[in-house]
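Quick caveat: nothing in here was measured; it's all calculated off a predicted structure. Start at 1 and go down the list; that is how both ligands and their atoms are numbered.
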Amino acid sequence: MTAKTATTDIPSDVKDLNLADEGRRRTEWAEQFMPVLRQIRARFEKERPLKGKKLSACLHVTTETANLGITLKAGGADVALCASNPLSTQDDVAAHLVRDHGIKTFAIKGEDKNTYYEHILAALVHQPDVTMDDGADLVGALHMIALDRLDDLEIPVRRWVEGLSAKARKEVVSHLIGSTEETTTGVIRLRAMAEEGVLQFPVIAVNDSQTKHLFDNRYGTGQSTVDGILRATNILLAGSTVVVGGYGWCGRGVAMRARGAGADVIVTEVDAVRALEARMDGYRVMPMAAAARIGDLLVTLTGNTSVINVEHMRLMKDGAIIANSGHFNVELDLEPLAKVAKGPRRVREFVEEWMLDGKRLFVLAEGRLINLAAAEGHPASVMDMSFANQALAAEHLVKQAGTFGKAVHRVPAEIDRRVAELKLASMGVEIDTLTPAQQKYLASWDAGT
Ligand code: NAI
């Protein structure tokens, strides 16, 4: 990265533009399962609510994200895109966005840490009015610049910022209207920043919409995590023991789908209510130290760190398979594992074998989000709702610019409800409406029983 000033002329960085035709075909395939986003795109084309705005998005570069990017562009935004995970990029999609839509894209599947942060930086150099994040890496970098906490920045970003004048540094954040955040982990990080009083601009927590986490996190992560594990390993789930770390929205989905495939599912939790729910949903619940001894496959989805540590790994059976589908790979203690185990030996594309105490442990996709690394992430039909929320949240931020405090805000309830109504209509599902008498009854406390 050679840019020394806040310019916008960094060229796209994708693997191979010749992949664009395949990317276009797959993006069109996803589009047919995204009727809500299509309707928003049609309105955006007419109304151009994002006209003149620069938007930088740090999202998994998938066919669904391509459809979001095209929608934002239809709304008038000048869009730049970088990856939110080094392993989740679909290179054909990245090529398609650059060649066919003129969306600046900085993402290559398998990029190293340096390149990953250089790409985030390139999206910042775009000088966005609005940002979109999935895990808060982009917003995190913006804050380190704004707060002059350069020591906390990853090296490529730090090098670039050190080359900027004080004025240029301020400009990187000063005209920002706000950001949106896609995932649980990002929202947790942003709330921590707001509580510390360091959040520099408003953020809309898309993850908190009901039409996002109830569906994307549960049904999307549930199905695609199992899909990623099966594509990586081709194991039979029926008759196997699957340990699910964390019974939040994502964990519930994975537990449900693994059980549906015939696995004996064990849940580990730290929250008593969630553990109780898992037990009453019919799963065995126990501490990881107990589950580690009997699991054939162990998958974490907590948003926490060191959920499976080396002590747990020492307890595991020969041949145990370990995967993570939470946002960061820190859920598995892989660095400590590398210090005490022999390996890794790559045995299949997304499978690495480690020898620990004479036993084989198989780690999938280096502990990165298994559904995005080894499969294609969530199906388009569920991302339709998440990205409808994203597009409408961006419009809301721009239309109401200047009215938000520097805090984490929710997507307005009307938007959430509207997304649900549009999705139901697209599925041909009709529901009842309250009669005036029912409305009155529900609003009163003194009506007879
Ligand atoms: P959530 O907050 O609903 O659930 C997390 C659960 O993990 C909670 O019940 C919590 O008590 C539990 N937990 C925390 N520490 C634990 C520990 N040490 N052991 C066992 N359980 C523990 O969060 P949600 O929405 O389920 O998200 C989980 C993670 O998955 C986040 O990092 C999120 O960003 C990520 N995510 C990944 C997706 C994917 O495509 N793979 C999609 C959506 C979210």
Aromatic plane relationship, [Y] with [X] - under 30° parallel, 30 to 60° tilted, over 60° perpendicular:
X: Y283; Y: Y247; answer: perpendicular
X: H396; Y: F404; answer: perpendicular
X: H101; Y: H96; answer: perpendicular

Considering heavy atoms of the protein only, find what lies nearest to [atom] and give residue, atom and distance to 0.1 Å.
atom: atom 15 (N) of ligand 1; value: N304 ND2, 3.0 Å
atom: atom 4 (O) of ligand 1; value: G248 CA, 3.1 Å
atom: atom 17 (C) of ligand 1; value: V270 CG1, 3.5 Å
atom: atom 26 (O) of ligand 1; value: C250 N, 2.9 Å
atom: atom 44 (C) of ligand 1; value: T183 OG1, 3.2 Å
atom: atom 39 (C) of ligand 1; value: N371 ND2, 3.4 Å
atom: atom 37 (C) of ligand 1; value: S325 O, 3.3 Å
atom: atom 5 (C) of ligand 1; value: T302 O, 3.5 Å

So among N389, D216, V187, which one has a side-chain contact (heavy atoms from CB on, under 4.5 Å) with E182?
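In the set N389, D216, V187, the residue that makes a side-chain contact (heavy atoms from CB on, under 4.5 Å) with E182 is D216.
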The single option from T180, L176, D133 passing side-chain contact (heavy atoms from CB on, under 4.5 Å) against V139:
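The residue from T180, L176, D133 that satisfies side-chain contact (heavy atoms from CB on, under 4.5 Å) with V139 turns out to be D133.
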Looking at side-chain heavy atoms only, is the closest gap between H378 and S386 below 4.5 Å?
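With C-beta onward as the side chain, the pair stays apart.
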Judged on heavy-atom distance to atom 20 (C) of ligand 1, which of T268, V330, T225 sits nearest?
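Answer by nearest heavy atom: T268.
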What I want to know is whether [X] and ligand 1 share at least one N or O pair that is separated by under 3.5 angstrom.
X: T184; result: yes
X: H327; result: yes
X: G326; result: no
X: R274; result: yes

What part of [X], side chain, backbone, both or neither, has a heavy atom within less than 4.0 angstrom of ligand 1?
X: L369; value: side chain
X: T221; value: side chain
X: L301; value: backbone

Polar side-chain atom of [X] near backbone of [Y] as donor-acceptor pair, under 3.5 Å:
X: H213; Y: N207; answer: yes
X: R410; Y: D208; answer: yes
X: D333; Y: P336; answer: no
X: R26; Y: T63; answer: no
X: S179; Y: T131; answer: yes

With a 4.0 Å cut-off on heavy atoms, is H378 touching ligand 1?
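Checking ligand 1 against H378, which is what was asked, there is a heavy-atom contact under 4.0 Å.
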4.0 Å heavy-atom contact, E269 with ligand 1
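Yes, E269 has a heavy atom closer than 4.0 Å to ligand 1.
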Atoms of ligand 1, numbered as shown, that sit under 4.0 Å from any heavy atom of [X]:
X: V307; result: 18 (N), 19 (N)
X: T185; result: 31 (C), 32 (O), 33 (C), 34 (O)
X: D271; result: 11 (O)

Would you name the heavy atoms of T105 and S12 that are closest together and state the gap between them?
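T105 and S12 have their closest heavy atoms at N-OG, 3.0 Å.
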State which residues pass side chain to side chain contact (heavy atoms under 4.5 Å, CB included) with T62; sequence neighbours excluded, sorted by chain then number.
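Testing T62 for side chain to side chain contact (heavy atoms under 4.5 Å, CB included), a comparison that skips the adjacent residues, returns H60, E64, T65, Q90, L372.
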